[in-house]
2 protein chains.
Amino acid sequence: MHTYEQILETAYMLFARNGYEKTSLSMIAKEVGISKPAIYYHFPSKEALFTALLDAVCEEIRFEKYFNPAEFTADNFTEKLISCGLKMIQDQRENTEYSLLMKEFMIQSTRDHQILITVQGVIESYLKGFENLLRYGVSLGVLSEEGIRTKAEMLTLAIDQMDNYMTLGIQLDYEGLWRHLVSQINR
Amino acid sequence: MHTYEQILETAYMLFARNGYEKTSLSMIAKEVGISKPAIYYHFPSKEALFTALLDAVCEEIRFEKYFNPAEFTADNFTEKLISCGLKMIQDQRENTEYSLLMKEFMIQSTRDHQILITVQGVIESYLKGFENLLRYGVSLGVLSEEGIRTKAEMLTLAIDQMDNYMTLGIQLDYEGLWRHLVSQINR
DNA sequence: GTCTATACAAAGATAGAC
DNA sequence: GTCTATCTTTGTATAGAC
């Protein structure tokens, strides 16, 4: 593996565990096994390293990676919506570092406009993604046309906050919550 | 106003705007109009100042401040639940600094165990608060007994995440979402 | 392409004067 | 109760050698 990728992966881990501010370039360099100034050969600044990481993560969690419309049919619609959500919840539970890093991006977005735009984009893509998926469900005849947008907002809101709560160590019946939520969509 | 309170209020503002790490004691001292070491007379450390702030904020946002069970009757139950939630959403929209500071606590909670316990406590109190309130609704005969806990989890999740999204500048029909959610509770 | 040496700024904190 | 002076550490970043 090249140094560039090693830096990215190490930064991913350390930013997630310690946060952006509390992770220094020295720490990253030490972990990778290079000198601190060597990082500046690959990235112009700490901030640039951080945003490079943001872009990589955003690519990882695109809506279609979890909810692929092609897999949804009239017969399996509700069950598919439930199982895809459960898969996502499961992934988030196992991959704590991703969740922590995403939180870090959220925090930094209140101070950095470029990061804000990117983070907003991720959420908007989920809102649009759910909305399109539900409309597809309507066209399949398995959902009523009423309040599609509201339902999409609800699903986005919920799956996002469940991740936050899991990271915080709040013990909830997340699977049950998601099941309940989806079943309310198409009553 | 005493210096102690002035430090707290200034720290409140600066921690909210710049975040914990990016707010230095020098900045706080300058804003208050005292010297940096003078802060150490009132607070043993930066961290202690931060947790003192956390305790103050937690007191501010207790569940009962927004959802006072004494105000709920059989006649007004659903409407009261909606209006109390709307009031809370409105407060959060107007008081951005509180929301930002709360986010800061969330982030720090992943690194500081004492903060984690406190933050978890706030969320647990909302979970318990909604649960008790809904059970009260059952005893009044306006709600069915089914899935009370799940419904309480849903309300907590939603009102919390709506705050996050508002801070992020995501444009949603928050009032409509809350109305929809509450109306689904007691069908 | 990567490292050594170093610059420069700023942080949190302490001792002791007033 | 507040300040001056200072310590110690650590951060990001640059210049230039190899």
Side-chain angles (χ1 to χ4, degrees), chain A residues 1-56 100-101 103-105 107-115, chain B residues 1-56 100-101 103-105 107-115:
Chain A
M1 187 163 51
H2 295 92
T3 311
Y4 180 89
E5 275 94 32
Q6 271 187 310
I7 295 173
L8 268 185
E9 283 206 12
T10 306
Y12 180 99
M13 180 188 75
L14 291 177
F15 280 142
R17 290 190 194 164
N18 315 317
Y20 178 71
E21 313 283 357
K22 282 231 181 293
T23 301
S24 68
L25 296 181
S26 324
M27 293 165 69
I28 298 172
K30 194 176 177 184
E31 185 77 23
V32 173
I34 58 176
S35 77
K36 178 167 68 165
I39 295 180
Y40 284 91
Y41 173 74
H42 299 281
F43 300 91
S45 68
K46 185 187 181 185
E47 204 186 323
L49 170 54
F50 192 62
T51 51
L53 220 45
L54 173 60
D55 292 338
L100 287 170
L101 191 54
K103 264 194 182 177
E104 211 59 36
F105 291 136
I107 273 289
Q108 295 305 325
S109 75
T110 61
R111 251 86 64 179
D112 181 315
H113 190 255
Q114 186 49 52
I115 296 180
Chain B
M1 188 163 52
H2 294 92
T3 310
Y4 180 88
E5 274 95 31
Q6 270 187 311
I7 294 173
L8 268 185
E9 284 206 11
T10 305
Y12 180 99
M13 179 188 75
L14 291 176
F15 280 143
R17 289 189 194 166
N18 314 317
Y20 179 71
E21 314 283 356
K22 282 230 182 289
T23 301
S24 69
L25 296 181
S26 323
M27 291 164 70
I28 298 172
K30 194 176 176 184
E31 184 77 24
V32 173
I34 59 176
S35 76
K36 178 166 72 164
I39 295 179
Y40 285 90
Y41 174 75
H42 299 280
F43 300 93
S45 69
K46 186 187 181 185
E47 204 186 322
L49 170 54
F50 192 61
T51 51
L53 220 44
L54 174 61
D55 292 338
L100 286 170
L101 192 54
K103 266 197 181 175
E104 211 58 37
F105 291 136
I107 274 288
Q108 296 305 324
S109 75
T110 63
R111 251 85 67 180
D112 181 315
H113 191 254
Q114 186 49 53
I115 295 179

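The chains referred to below are lettered A, B, ... by the order of the sequence lines, with proteins before strands, and numbering in each begins at 1. The structure displayed is predicted, hence computed values, not measured ones.
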Only pairs under 3.5 Å count here: list side-chain donor-acceptor contacts from residues 36-53 of chain B, not counting sequence neighbours, and write none if there are none.
unit_1: B:S45; atom_1: OG; unit_2: B:E47; atom_2: N; d: 3.4
unit_1: B:S45; atom_1: OG; unit_2: B:A48; atom_2: N; d: 3.1
unit_1: B:K46; atom_1: NZ; unit_2: B:Y20; atom_2: O; d: 2.9
unit_1: B:K46; atom_1: NZ; unit_2: B:T23; atom_2: O; d: 2.9
unit_1: B:T51; atom_1: OG1; unit_2: B:E47; atom_2: O; d: 3.2
unit_1: B:T51; atom_1: OG1; unit_2: B:A48; atom_2: O; d: 3.1

Are side-chain heavy atoms of B:L25 and B:I28 found at a separation under 4.5 Å?
-> yes

B:I39 CD1 to C:dA11 P, straight-line distance once rounded to whole Å | 11 Å

Before giving the answer on side chain to side chain contact (heavy atoms under 4.5 Å, CB included), spell out for A:K30 and A:M27 the whole-Å C-alpha distance, their side-chain angles and the decisive distance to 0.1 Å.
-> CA-CA 5 Å; A:K30 194 176 177 184; A:M27 293 165 69; 5.8 Å; no

Salt bridge (Lys or Arg N to Asp or Glu O under 4.0 Å) between B:E104 and A:R111, intermediate numbers included = CA-CA 12 Å; B:E104 211 58 37; A:R111 251 86 64 179; 3.5 Å; yes

Within a strict 4.5 Å, meaning less than it, do heavy atoms of the A:L54 and A:L101 side chains meet?
-> no

Using a heavy-atom cut-off of under 4.0 Å over every strand shown, decide if A:S35 touches base, sugar-phosphate, or nothing.
-> base

Which two nucleotides bound the region of DNA chain D that has atoms under 4.0 Å from heavy atoms of chain B, read 5' to 3'?
-> D:dG1 to D:dA5

Does the pair B:M13 and B:R17 meet the rule for a side chain to side chain contact (heavy atoms under 4.5 Å, CB included), with working shown?
-> CA-CA 6 Å; B:M13 179 188 75; B:R17 289 189 194 166; 3.5 Å; yes

When you match B:S24 and A:I34 each to their closest nucleotide on DNA chain C, which lands nearer the 5' end?
-> A:I34

May I have the distance from A:Y40 (atom OH) to C:dA5 (atom P), rounded to whole angstrom?
-> 19 Å

Rounded off to whole Å, could you give me the CG-to-P distance for the B:L49 and C:dG12 pair?
-> 10 Å

Could you check A:P44 against A:S26 and say which one's nearest nucleotide on DNA chain D is further toward the 5' end?
-> A:S26

To the nearest angstrom, how far is B:K36 atom NZ from C:dA9 atom P?
-> 15 Å

Quickly work out the A:K22 NZ to C:dA10 P distance and round it to whole Å.
-> 18 Å

Mind calculating the distance between OH (A:Y41) and C1' (C:dT4) to the nearest angstrom?
-> 18 Å

Which part of the nucleic acid, if any, lies within contact of B:H2, taking any heavy atom under 4.0 Å across all strands shown: a base, the sugar-phosphate backbone alone, or nothing?
-> nothing

